[in-house]
2 protein chains.
Amino acid sequence: MNDLTDRQKLILTLVIHEYIKSAQPIGSQYLVERFKLDMSSATVRNEMSALTEMGYLRQPHTSAGRSPTEEGYRYFVGNLAQRSDLPENTRRTITHQFYQSRQDVEQWLRLAASVLAYQSRAASLVTAPHPEQARFKHLELIATRGRQVLLVLVLVGGDIQQQIITLAEPVSQEQLSAVAAHLTQVCQNLDAEGIRAILAQSDALEKDVLDVVMGQMSRTDRFATGDVYLDGLTNVLAEPEFSGSEDARRALRLLEERSLLDNLLSRTVMTISPGGVQVLIGGEGTWDELRQCSVVLARYGLPGFATGTLGVLGPMRMSYGHTISTVRFISALLSDLMSETLVD
Amino acid sequence: MNDLTDRQKLILTLVIHEYIKSAQPIGSQYLVERFKLDMSSATVRNEMSALTEMGYLRQPHTSAGRSPTEEGYRYFVGNLAQRSDLPENTRRTITHQFYQSRQDVEQWLRLAASVLAYQSRAASLVTAPHPEQARFKHLELIATRGRQVLLVLVLVGGDIQQQIITLAEPVSQEQLSAVAAHLTQVCQNLDAEGIRAILAQSDALEKDVLDVVMGQMSRTDRFATGDVYLDGLTNVLAEPEFSGSEDARRALRLLEERSLLDNLLSRTVMTISPGGVQVLIGGEGTWDELRQCSVVLARYGLPGFATGTLGVLGPMRMSYGHTISTVRFISALLSDLMSETLVD
DNA sequence: TTTAGCACTCTCCATGTGAGAGTGCTAAAA
DNA sequence: TTTTAGCACTCTCACATGGAGAGTGCTAAA
């Protein structure tokens with residue numbers, strides 16, 4: 001596969017670079033002049049012709065310049081894009097924002113989505129962290145009004161689930177607290193299966209509560225199941241290749257529609273190496289909604305305790321180097337923040 | 001203002017009706033044929049001419065049909081649109097969905113956004129309910145991991161705020177429970193001001209906690225401040241008048257950008273009469289982002305306890321009758337659901 | 001292997017033309 | 001006084017035409 005000459009790599013890189021900026025097909029003569037290349041346009045043309053033959057470039061029409069194919073982007077991301085770190089002052093600014101914000105996971109995730117969207121000028125998504133396998137840690141029941149009770153479930157790893165349940169009849173806060181304290185004791189460190197075993201020795205009220213608890217815990221075992229923070233959706237609409245096309249709408253629907261997003265994440269996220277970044281280009285033949293788009297994904301959090309996913313969705317014509325650096329940086333930053341507050 | 005003849009009202013209604021369906025300017029002859037009108041196209045033309053003169057219709061070009069102006073839509077919504085209820089079976093289906101869902105305010109709001117978006121084929125928004133003035137009801141502190149503590153604050157009216165705080169040093173769950181129980185007792189029914197008075201007699205840990213509590217409570221006093229559920233954003237992009245235009249992007253940014261949304265809601269929501277529906281057409285000269293859009297808003301909830309806002313954002317060319325009915329119905333349904341679960 | 005030169009292709013834009021839709025006006029009819 | 005038929009007029013839209021320009025592919029020479 002890596003059968004490109006240095007000159008071909010150079011030209012592919014330059015075409016991609018310029019195309020990302022202009023969204024216009026790039027001509028041979030333009031490249032020579034713009035970069036003062038030490039060769040003639042005819043030579044560039046020959047190389048371009050070869051790259052087209054190999055499937056890395058495409059010609060919209062016989063007499064237009066070249067634009068990258070999906071395969072071209074893939075080669076670029078895999079072999080050519082330099083993994084530059086973000087500039088020091090950008091990193092400092094972002095870090096500062098996080099440390100200035102409220103010390104609260106939810107705020108961090110919101111902020112992460114916002115920063116990702118701003119830095120990449122594309123749509124961003126961040127899923128709330130949750131443990132790979134849910135284990136019970138603490139339960140609290142709080143009467144709110146009437147038969148409505150707030151159930152707060154804390155899992156090992158710090159994941160928090162809350163849900164309002166409506167009881168058959170009003171129960172006093174004292175009773176609720178007693179039930180919660182009892183269950184907290186007997187369920188300590190159990191997973192959903194373990195809790196099912198306890199059901200037998202429970203009264204009606206406890207059974208109701210445990211049903212909800214098990215529901216929450218088993219829901220936690222899947223990917224992308226909790227809250228999802230989105231930002232910058234409108235950034236994508238500003239891209240010229242999406243103006244007035246169906247494609248942008250379909251891509252954004254992917255983010256809006258929970259089931260589509262779950263499908264995407266559950267099928268890709270598990271293959272990401274720790275600390276690594278996954279890049280999907282043009283839907284990879286699987287996701288039709290992403291035909292014109294690319295997605296950059298990473299995991300963050302503390303493996304073994306709680307992890308989440310974050311990423312960016314933008315046009316295929318995106319600045320991969322910068323986006324990948326940003327995603328990796330935010331992912332590491334979130335992981336650091338989480339581990340800091342979790343240190344005993 | 002109400003100086004239209006019955007025939008002019010009829011023609012204005014028909015033009016709006018047809019324009020909403022076709023997004024194309026409507027001609028006189030078409031109207032006569034389509035609706036078998038008991039007059040000639042020339043008569044219709046004369047009336048259209050008068051309506052144009054009055055500012056209710058517009059001609060894109062000298063020799064095109066007529067389309068409604070913002071003023072025309074306003075007259076229509078204010079005087080002509082019949083306030084039909086939703087069909088019985090639609091109402092039943094929707095109600096059924098709500099009663100089948102988890103008995104949980106959050107689920108209801110999500111579902112409300114989803115139903116609104118589906119019914120109106122436009123973007124929907126639903127803000128979480130919160131009390132008009134925040135009053136303390138219950139506090140719970142739960143150790144999660146390390147110095148991280150989950151603070152759950154329940155307000156009178158059932159509004160729930162949660163936040164994770166990071167303490168200076170680890171504190172045992174027993175201590176936390178004791179603090180929470182003590183504060184729950186002394187803060188009972190106080191507003192943010194009342195709690196400030198307690199600060200003086202508190203130790204360092206309690207001060208930290210109360211700071212957060214007051215922050216949450218004062219944030220609750222504003223409109224639209226809590227969670228916002230959005231759905232159907234991509235519906236708007238499908239409308240022909242938005243294909244490839246800047247306008248859709250700017251309108252959706254209004255929903256995405258919290259500060260813009262807060263501004264919109266805080267300036268309009270307070271004027272809505274109870275049970276009523278507010279319709280903003282074309283930004284009403286104030287919101288430039290909404291130039292091509294209309295917004296239908298209503299309040300829901302239990303006045304005095306907790307209320308929220310819900311609504312629909314779509315193209316100006318929207319089916320007002322149906323949208324208004326839907327918004328009103330969902331608003332009433334949410335209110336009913338809330339009052340049912342809150343009955344002591 | 002690279003390059004200069006050149007014919008060729010295709011888009012884009014400006015221009016022009018005819019068909020069609022819809023109007024506004026006028027004068028006759030109700 | 002109101003309504004209508006008739007008709008000229010206007011404007012858009014779709015389509016065809018014709019350079020200008022950009023960029024290519026090929027060939028033959030360096």
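Hydrogens, waters and symmetry mates are skipped; everything else that's a heavy atom, side chains included, is used. So that the names make sense, note that chain A is the first sequence line, chain B the second, and so on, each numbered from 1.
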Quiz item: Taking the side chain of A:S49 as its heavy atoms from C-beta onward, which of D:dG25, D:dC11, C:dT23 lies nearest to it?
Solution: D:dG25
Quiz item: Does B:R66 use its side chain to pair, donor to acceptor, with the backbone of B:R58 at less than 3.5 Å?
Solution: no
Quiz item: Between B:Q8 and B:Y56, does a side chain to side chain donor-acceptor pair (under 3.5 Å) hold up when you go through it step by step?
Solution: CA-CA 10 Å; B:Q8 286 170 336; B:Y56 295 135; over 6 Å; no
Quiz prompt | Value in whole Å for how far the C1' atom of C:dT23 lies from CD1 of B:I11 | solution = 15 Å
Self-check item: DNA chain D base-pair string [pairs: Watson-Crick or G-U under 3.5 Å; |: paired with another strand]
Solution: ||||||||||||||||||||||||||||||
Exercise. Applying side chain to side chain donor-acceptor pair (under 3.5 Å), run through B:Q278 and B:T268 and close with a yes or a no.
Key: CA-CA 8 Å; B:Q278 168 99 334; B:T268 56; 5.3 Å; no
Exercise. Would you indicate whether A:Q29, at its atom CD, is surrounded by more than 12 heavy atoms from other residues, nucleotides or ligands within a distance under 6.0 Å?
Key: no
Self-check item: Distance in angstrom units between B:Q24 CD and C:dG22 P, rounded
Solution: 10 Å
Quiz item: Would you say a side-chain N or O of B:S28 is under 4.0 Å from OP1 or OP2 of C:dT23?
Solution: yes
Quiz prompt | Any donor-acceptor N/O pair under 3.5 Å between D:dT10 base and B:S63 side chain | solution = yes
Quiz item: Can you tell me how far C1' of D:dG23 sits from CG of A:L57, to the nearest Å?
Solution: 14 Å
Practice problem: Send over the distance from A:E53 CD to D:dC26 P, rounded to a whole Å. | Solution: 11 Å
Practice problem: Report the distance from atom CZ of A:R7 to atom P of C:dT1, rounded to the nearest whole Å. | Solution: 10 Å
Quiz item: In Å and rounded to the nearest 0.5 Å, what is the CG to CD distance from A:L264 to A:E257?
Solution: 13.5 Å
Quiz prompt | Rounded interatomic separation in angstrom, taking CE from A:M48 and P from D:dC26 | solution = 16 Å
Quiz prompt | From D:dT24, C:dT23, C:dA21, nucleotide with atom closest to A:Q59 side chain | solution = D:dT24
Quiz item: A:T323 and A:Q119: side-chain contact (heavy atoms from CB on, under 4.5 Å), yes or no, with the steps?
Solution: CA-CA 8 Å; A:T323 304; A:Q119 285 289 329; over 6 Å; no
Quiz prompt | Shortest side-chain distance from A:R66, nucleotide among D:dG23, D:dT10, D:dG25 | solution = D:dG25
Exercise. Measure the distance from NE2 on B:H61 to C1' on D:dC9 and round it to the nearest whole Å.
Key: 16 Å
Quiz item: Does A:R74 come within less than 4.0 Å of A:E71, counting only side-chain N to carboxylate O?
Solution: yes
Self-check item: Pairwise distance CD1(B:I16) to CZ(B:F76) - rounded to 0.5 angstrom
Solution: 5.5 Å
Self-check item: Electrostatic pair B:R91:B:E88 at N-O distance under 4.0 angstrom
Solution: yes
Exercise. Under 4.0 Å from any atom of DNA chain C, heavy atoms only: list the residues of residues 31-47 of chain B that qualify, in numerical order.
Key: B:R45
